[in-house]
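Single-structure report; data block below.
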Amino acid sequence: MASPKRENPSHFIRHRIDEDLKTHKYEGRVVTRFPPEPNGYLHIGHAKSICLNFGLAAEYGGTCHLRFDDTNPIKEELEYIESIKADVRWLGFDWGKHLYFASDYFDQLYAYAVQLIKAGMAYVDSLSTAEIRRYRGTLTSPGINSPYRDRSVEENLALFERMRAGEFDEGTHVLRAKIDMASPNLNMRDPVMYRIMKMPHHRTGHTWCIYPMYDFAHGLSDSIERITHSICTLEFEDHRPLYDWFLDALHVYHPTQIEFARLNLTYTVMSKRKLLKLVEQGHVSGWDDPRMPTISGFRRRGYTPEAIRNFCERIGVAKRDSMVDVALLEHCLREDLNKRAPRVMAVLKPLRLVIENYPEGRVEMLDAENNPEDPTAGTRKVPFSRVLYIEQDDFMEDPPKKFFRLAPGREVRLKHAYYVTCTGVKKDEETGRILEVRCTYDPDTRGGWSDDGRKVRGTLHWVSAAHALKAEIRLYDHLFIKENPEETETDQDFRANLNPRSLEVLFPCRVEPGLAEAAPGSRYQFLRQGYFCVDPVDSSKDRLVFNRTATLRDTWAKIQQAGRQGFRP
RNA sequence: UGGGGCGUCGUCAAGUGGUAAGACACAGGAUUUUGGUUCCUGCAUUCGGAGGUUCGAAUCCUCCCGCCCCAGCCA
């Protein structure tokens with residue numbers, strides 16, 4: 001990789017690690033972890049965390065663990081574990097042998113709990129869920145001690161053992177840390193450490209009927225794995241005192257928890273709950289719908305892991321809540337694909353173009369450059385004949401001044417081919433709809449160039465009607481119509497902002513014959529249109545399906561927009 | 001009205017007492033066989049506000065304002 005790398009942006013977590021390295025807090029080690037709960041698909045917010053954790057580890061010569069935080073069997077499924085691993089791998093990261101599960105530590109965690117009971121720092125509470133809530137107090141008033149708070153160590157030990165043995169029903173007992181019911185931090189008001197759940201676990205089976213809570217399990221899992229920097233999102237800031245409390249109480253190895261702001265992106269939602277709702281209610285076709293901000297959605301949409309990684313580096317890491325413009329993500333994608341994607345011609349909304357002076361039955365194979373940004377990409381042959389398809393948008397019968405595409409009497413270049421001059425149009429007598437455009441070509445302009453100094457303003461893409469392949473093309477737009485879908489009128493939710501035009505399916509579009517061989521998932525630039533990929537799920541030899549990953553920047557569209565607004569009274 | 005955080009350009013974001021980086025977006029212009037790419041140029045006399053300390057403040061102090069998070073036997 002000789003490409004000139006951007007210098008790594010400065011951010012507070014790098015500063016913290018630098019500082020710890022300087023003071024030898026962790027003997028020069030850097031060990032991070034990405035700790036997903038296997039209860040849903042990963043989204044681009046997770047990608048930020050993955051890039052941060054794996055990226056930092058790589059940068060400092062350390063390691064990053066992939067650890068599944070699987071402490072709640074009712075919400076978690078095997079299926080998610082595989083999708084998460086696939087997504088992390090696809091993003092380009094490798095956990096090597098460091099694949100772990102919090103459930104692997106259940107025995108150790110149980111022993112730690114017993115140790116806390118013996119130290120008088122944990123007790124079995126027999127209050128009901130509702131009572132526990134009531135005893136906890138509120139934001140502004142302190143909680144009160146449970147009547148079971150002062151059970152003897154022996155009694156607690158016996159009760160906890162019986163909880164484990166399955167002697168009690170769910171909800172009848174919990175193990176709580178004995179901290180401070182009057183703490184202004186609600187997390188410190190005797191947090192629950194274990195609850196009874198008579199539910200088999202996807203990895204430990206029927207071994208357990210009590211499961212540890214996040215706050216107890218997470219920090220200790222970090223400790224067991226000798227993590228140095230435990231990076232999580234802002235909402236856990238209030239949990240840090242508790243994270244530290246368990247580690248200190250048990251006198252075990254103590255990682256540092258550091259919190260950063262989660263990613264928000266314009267025109268989309270990011271919470272698992274909301275994404276699940278979109279899937280379940282059929283607003284999208286699934287977790288991997290190309291409009292979803294999931295990793296699998298972006299993958300199917302045609303995004304590259306490089307673009308996503310670059311995006312994650314560019315957005316930075318900080319503690320303030322923010323909403324990143326999705327235009328930056330699109331920019332990263334275009335920047336990557338501009339260099340790599342082969343150019344190809346595809347007509348989305350076909351309009352017949354007949355070249356009156358081109359011999360019937362004649363076919364020429366013209367040379368076309370595969371990528372002007374990459375001289376090594378070579379050329380290909382494209383068939384040219386008397387009847388072509390051009391884009392409907394590339395012809396206007398009565399064009400405005402700034403339109404420099406095809407119109408009666410106007411001359412344009414057909415990319416890689418010839419100059420053509422429009423001689424007229426053929427219309428449906430009744431509807432007035434344009435059926436085809438007629439033109440003549442200049443045989444001296446083969447390849448799309450004339451040495452006589454003649455200037456043509458426009459260059460059009462095209463396909464030969466007799467040779468082109470039919471294809472289905474799916475045009476995607478933002479899933480929501482508002483930058484912040486959360487902004488709604490009272491008594492409606494984010495679904496009210498769903499974009500009814502987020503998907504437009506075009507068929508039959510006409511594409512270059514060479515695309516018959518296009519591999520699923522392969523990416524192209526459709527000249528003058530945008531970046532597209534072969535849909536890895538629905539495309540087949542019989543029915544080619546392309547997804548639009550992103551449009552090209554479109555100055556003409558902007559001019560039109562400005563014009564329309566200008567004419568508004 | 002308890003506690004924990006956070007406020008620097010439209011959006012991200014550097015900056016850690018020496019006189020406001022960069023990116024995206026936006027607006028002009030040049031080049032162009034993609035109205036793409038590339039290339040120039042412009043875009044915060046000012047850092048939520050008000051005082052104060054200092055030769056000097058986005059950086060230190062005081063007060064105020066605004067936004068986010070926490071009352072799961074979820075993570």
Side-chain angles (χ1 to χ4, degrees), chain A residues 6-7 9-11 15 35-37 39 69-72 74-76 125 127-129 132-134 136-143 170-176 183-189 191-197 210-211 213-215 217-218 232-241 259 261 263 266 272 311 314-332 334-335 338-339 343 345 369 372-373 402-405 413-417 419 445 447-449 456-461 483 525-530 551-559:
Chain A
R6 236 179 294 266
E7 207 170 290
S10 164
H11 66 235
H15 295 326
E37 183 190 12
N39 71 342
D69 228 328
D70 54 351
T71 57
N72 185 354
I74 64 169
K75 288 168 61 183
E76 296 154 8
D125 195 1
L127 250 26
S128 70
T129 308
I132 286 181
R133 190 182 312 126
R134 209 171 322 123
R136 185 155 33 225
T138 68
L139 293 178
T140 50
S141 61
E170 289 186 12
T172 57
H173 304 274
V174 290
L175 183 72
R176 301 178 72 175
S183 172
N185 181 345
L186 304 222
N187 294 121
M188 301 300 270
R189 320 243 260 227
V192 173
M193 293 165 60
Y194 270 91
R195 76 286 216 192
I196 298 168
M197 288 177 117
I210 57 172
Y211 292 94
M213 298 284 291
Y214 168 86
D215 286 305
H218 197 91
C232 61
T233 44
L234 249 31
E235 68 271 27
F236 292 103
E237 214 150 19
D238 287 340
H239 295 239
R240 191 176 352 119
E259 312 83 13
L263 170 66
T266 55
K272 275 188 198 168
F311 170 76
R314 287 218 223 176
I315 55 176
V317 180
K319 296 194 71 154
R320 66 186 87 106
D321 293 310
S322 62
M323 183 169 291
V324 176
D325 193 339
V326 72
L328 178 59
L329 214 209
E330 288 164 0
H331 168 83
C332 292
R334 294 189 186 108
E335 184 177 62
N338 175 51
K339 291 178 297 191
R343 271 59 167 174
M345 293 195 284
E369 188 180 32
E373 303 297 316
K402 288 179 186 159
F403 183 86
F404 44 89
R405 278 113 95 146
R413 168 169 41 241
L414 295 178
K415 181 81 176 176
H416 309 306
Y419 289 3
T445 57
W449 187 248
V456 285
R457 295 274 287 173
T459 299
L460 273 42
H461 62 276
E483 281 200 3
Q525 184 196 105
F526 286 0
L527 225 56
R528 302 207 304 135
Q529 295 285 359
T551 61
L552 251 28
R553 290 186 66 220
D554 191 348
T555 314
W556 170 237
K558 262 182 211 166
I559 293 169

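Side chains are part of it too, since the values below use all heavy atoms of this structure and drop only hydrogens, waters and symmetry mates.
When each of A:L552 and A:E237 is assigned the nucleotide of RNA chain B with its nearest heavy atom, A:E237 is the one assigned upstream, toward the 5' end.
Close to B:G22, at under 4.0 Å from its OP1 or OP2, lies no side-chain N or O of A:H11. For A:R195, a side-chain nitrogen or oxygen approaches OP1 or OP2 of B:C74 to under 4.0 Å. A:R553 has no side-chain polar atom (N or O) that falls below the 4.0 Å cut-off from OP1 or OP2 of B:U38. At the phosphate of B:G35, OP1 or OP2 sits under 4.0 Å from a side-chain N or O atom of A:R528.
Looking at heavy-atom distances under 4.0 Å, A:P372 makes contact with a base. Residue-level contact check: A:H416 touches the bases, meaning some heavy atom is under 4.0 Å from a base atom. Residue A:S141 is out of contact with every strand shown, counting any heavy-atom pair closer than 4.0 Å.
At whole-Å resolution of the value, NE2 in A:H239 and C1' in B:G3 are 12 Å apart.
Between A:E369 and A:R343 there is no salt bridge, since no side-chain nitrogen of the basic residue lies less than 4.0 Å from a carboxylate oxygen of the acidic one.
For A:D70, there are no salt bridge (Lys or Arg N to Asp or Glu O under 4.0 Å) partners two or more places apart in sequence or in a different chain.
Stacking annotation: A:W556 is stacked on the base of B:G35 (ring centroids less than 5.5 angstrom apart, interplanar angle below 30 degrees).
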**Item:** A:H173/A:I196 under side chain to side chain contact (heavy atoms under 4.5 Å, CB included): CA gap, chis, key distance, verdict
**Value:** CA-CA 7 Å; A:H173 304 274; A:I196 298 168; 4.3 Å; yes

